[in-house]
Amino acid sequence: MDHSRRSILKFTTIFGLAVATNLLGSMKVFAAEWKSKSFEAKTMEEALKELGIDKYTLSSDVTVNSAEIAENGAVVPVSVSSAIANTDYMAILVEKNPSPLSITFNFPEGTDAAVTTRVKMGGTSNVFAFVKADGKWFAASKEIKVTLGGCGG
Amino acid sequence: MKLIMKYSLTILAILVAPCVLAEGSSSDEIAKYRELLADGNPAELWEMRGEELWKKKVSPNNVSLERCDLGKGPGVLKGAYVELPRYFEDVNKVMDLEQRLIFCRTSIQGLSYEQAVSSHFGSVGNPSDIEALVAYITSESKGMKMAVSIKHPKEMEAYEIGKNFFYYRAGTHDFSCATCHSSDKKRIRLQELSNLLNKKDAQKTYATWPAYRVSQGEVRTMQHRLSDCLRQQRFPEPKYASTTMTALIMFMAKNAEGGVFDGPALKR
Amino acid sequence: MKKIIITLFISLIVTGCVTATIQPDYAKAMLELLNKDFVSKGPATVERIVNQDSVQHFCSIYNKSRSEEMSEQITASQLKTIKYPSDENYIGNWEEGEKIAQNGRGFQSSDPLGGVNGGNCYACHRITKNEISYGDIGPSLYNYGKKHGNNEKVYKYTWAKIYNSQAFTACSDMPRFGHAGILNEKQIKDVMALLLDPKSPTNQ
Amino acid sequence: MADPMRIRAVLSGDKVDVKVLIRHDMETGLRKDANGKIIPAHFIQTLTAKYEDKTVLDTVMGIAVSKDPFLSFKFKGGVKGGKLVVSWVDNLGDTRTDTAIVS
């Protein structure tokens, strides 16, 4: 674990250098990395563990906004924001999805800790937002009902 | 009989009053859901691709569709959609937008009919050129009023055939279009049904197709919408861009006359 | 002046007559198109829509304007089609009935041949308290059994209404589930249970 | 090749309001096609937005982000005419970069 982290660090340094000297095209540069373990976690508990969230506080400064009823689970608009100073990371999880973790954001300084996106929901569930500020985790949730629609199948 | 109905309805209304309240907030939340989605309609992505396709030279004739006459002269897009379907002298027929596009793709670009209608309804990994073109062409009429004509005898004929079809009850379930779309403020499950005989309702509905359907992840055209309706109506499959469908579209477009076109929209 | 008026008058009559005589038969034209413009697919066939039965034909033409006499003819003829359960047992399993009420499949061009048909009752009716996604084309059936009671008369009427709604309301929007072969006898019993069984959530 | 994105970047007050629409199927790998065959997973994994070479948003996505993804966010420090570059990479290595000028 320690070893691999160090090699990632090393890699980042080289990567950073490459960027500085413009060896790589700007389109290849991605600071974020797709972590299969957290996105493939089958329960929220497991996903939180993979994200390194062991303790968190429910906070009214974090808001999950959406309609209480979604006409279609394939597209559920969700707006999440944090009023906590120095919020630099956010994760949106749909508790009852087969893989709860949906999307994560890194907010560099100057970017509002507020985003709107659209997620898929397998059915009615709580949608959670976890945010990190000064190394501490805060959370909020909202229940969104997914309805069946229309005539016929 | 009517009196009894009225009476029992009142009783019912009293009985279900708490539930009506709950229902009210349900529809508010659904309205909110739609509002939240309206900002950032993926149909714009289809419009962008459609514009490219409209201007792209296509073999065998190696020409673009920019010479296609949608009724207001070759290449004129502004306001073309709000006057469709219409009678076209060059084919002596009433055509809707999709029929006309196919005509232009065959007659101007030299595609075979099969090529011109291929993938008319797109699916994952198999995007439809027609859906993109329709998204682009219709977007050029945004903000204009629906104004189809039924002055030409063939336009009148299309309208009347469409009207007859609207009321035509058949199939295992005895459904017609009118079964679901001729009364005000009805719902199927939680979906509101539009009364296509009520001008305001017809305008609101007709003038917001084509639309990006979130349930399908594609921009769907009027032909697709009707096809899907008829499937649920337990009718067999209408042939794509057929005379009957154009007739039905003509009937609906006329009922929506004066409605301000606001497509491509975003729908369930 | 007089001459002009007379000419006008005559031309008016003539135009009137002409319009009247050449008024095309749009219904017939539409019917001819149906054969050409539709393709049978799965359980949804062209034959089935082209060959309307007398009720469908009548209700298509006289959609809004029909006389009481015509309506009575329909209800009388449809009442005769009803087949009551062979074992005189009307009530099945409400849990199965709930599944039928939720299921909107059957006879669509996208459905498989010989698949299980649903009743799709929730599309038009409120039935149980828990299902909030219900339509309102038909009346609410919540507490149906509680309100109407459990007796032979209610059973018979409810059965008949599901079997052939037009036995009571000419040109009703409701499908004739039994008569059209959408639901079989066992399925209708299960839907009956959903509506009438005191244990069904409909009556809670 | 992937279709272009639709990016809107509008200065309002001291913040740039960004809206991004992406044409992508976001296939979960859990769905079956008409023949019962699993449709392979195909989804965007990372997306980055840079304003004049400074990262303003960094996103990691899973299969539960909706088809044709939409993102909206705001950042400070932008001016009219500034360049916003958005790039994404999916699990099959497909990538797309588009630029918008702040208006």
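Each chain gets a letter, A, B and so on, in the order the sequences are listed, and its residues count up from 1.
Atom-to-atom distance recorded for Asp136(C):CG and Ser183(B):OG is 10.0 Å, nearest 0.5 angstrom. The CD1 atom of Ile137(C) lies 4.5 Å from the CD1 atom of Ile188(B); values are rounded to the nearest 0.5 Å. Taking CD1 of Ile30(B) as the start and OG of Ser133(C) as the end, the distance is 7.5 Å to the nearest 0.5 Å.
Annotation: side-chain contact (heavy atoms from CB on, under 4.5 Å) contacts of Lys36(C) (sequence neighbours excluded): Leu33(C). With sequence neighbours left out, Asp90(B) forms a side-chain hydrogen bond (donor to acceptor under 3.5 Å, both in side chains) with Arg100(B).
Contact of Ile182(C) with chain B is made through the side chain alone, with heavy-atom distances under 4.5 Å. With a 4.5 angstrom heavy-atom cutoff, Ser176(B) does not touch chain C via any of its atoms. Heavy-atom distances place the backbone of Lys185(B), and not its side chain, under 4.5 Å from chain C. Contact annotation for Phe175(B): only side-chain heavy atoms (C-beta onward) come within less than 4.5 Å of a heavy atom of chain C. For Val50(C), the part sitting under 4.5 Å from any heavy atom of chain B is the backbone (N, CA, C, O) and nothing else.
When all heavy atoms of Arg231(B) and Ser110(C) are compared, the pair lying nearest together is NH1-OG, 2.9 Å. The nearest pair of heavy atoms linking Arg234(B) to Phe107(C) is CG-O, 3.3 Å. Shown here for Gln52(C) and Arg169(B), the closest heavy-atom pair between the two residues is NE2-O, 2.7 Å. The two atoms that bring Pro236(B) and Ser40(C) nearest to each other are CB-CA, 4.0 Å, heavy atoms only.
For NZ of Lys239(B), the number of neighbouring non-hydrogen atoms (other residues, nucleotides, ligands) closer than 6.0 Å is greater than 12. Applying the 6.0 Å contact sphere to NZ of Lys93(B) captures no more than 12 heavy atoms from other residues, nucleotides or ligands. The local environment of NZ in Lys163(B) is sparse, with at most 12 non-hydrogen atoms from other residues, nucleotides or ligands closer than 6.0 Å.
Contacts from residues 156-167 of chain C to chain B, taken as heavy-atom pairs separated by less than 4.5 Å, involve Gln166(C) in sequence order.
Residue with the most contacts toward chain B among Arg48(C), Glu47(C), His57(C): Arg48(C) (heavy-atom pairs, distance under 4.5 Å). If you tally non-hydrogen atom pairs under 4.5 Å between each of Thr172(B), Thr243(B), Asn164(B) and chain C, the highest count goes to Thr172(B). Counting heavy-atom pairs under 4.5 Å between each of Glu237(B), Gln233(B), Glu192(B) and chain C puts Glu237(B) at the top. When the candidates Gly42(C), Gly106(C), Gly138(C) are compared by the number of heavy-atom contacts under 4.5 Å with chain B, Gly106(C) comes out ahead.
Remark: the backbone N or O of Tyr134(C) is paired with a side-chain donor or acceptor of Arg187(B) at under 3.5 angstrom. In this structure, Asp37(C) contributes its side chain and Ser242(B) its backbone to no donor-acceptor pair below 3.5 Å. The main-chain N or O of Leu31(C) is never found under 3.5 Å from a side-chain atom of Tyr168(B) such that the two would form a donor-acceptor pair.
Between Met30(C) and Tyr167(B) there is no side-chain heavy-atom pair separated by less than 4.5 Å. When side chains are defined from C-beta on, Lys41(C) does not count as touching Phe235(B), because their heavy atoms never get closer than 4.5 Å. Side-chain contact between Asp174(B) and Arg176(C) is present, with heavy atoms from C-beta onward closer than 4.5 Å.
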Check your understanding: Yes or no on side chain to side chain contact (heavy atoms under 4.5 Å, CB included) for Arg189(B) and Glu131(C), after CA distance, side-chain angles and deciding distance?
Key -> CA-CA 10 Å; Arg189(B) 287 277 188 172; Glu131(C) 182 51 87; 3.7 Å; yes
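Pairs engaging residues 88-99 of chain C under the salt bridge (charged side-chain N to carboxylate O under 4.0 Å, His left out) rule: Glu96(C)-Lys99(C) [sequence neighbours left out].
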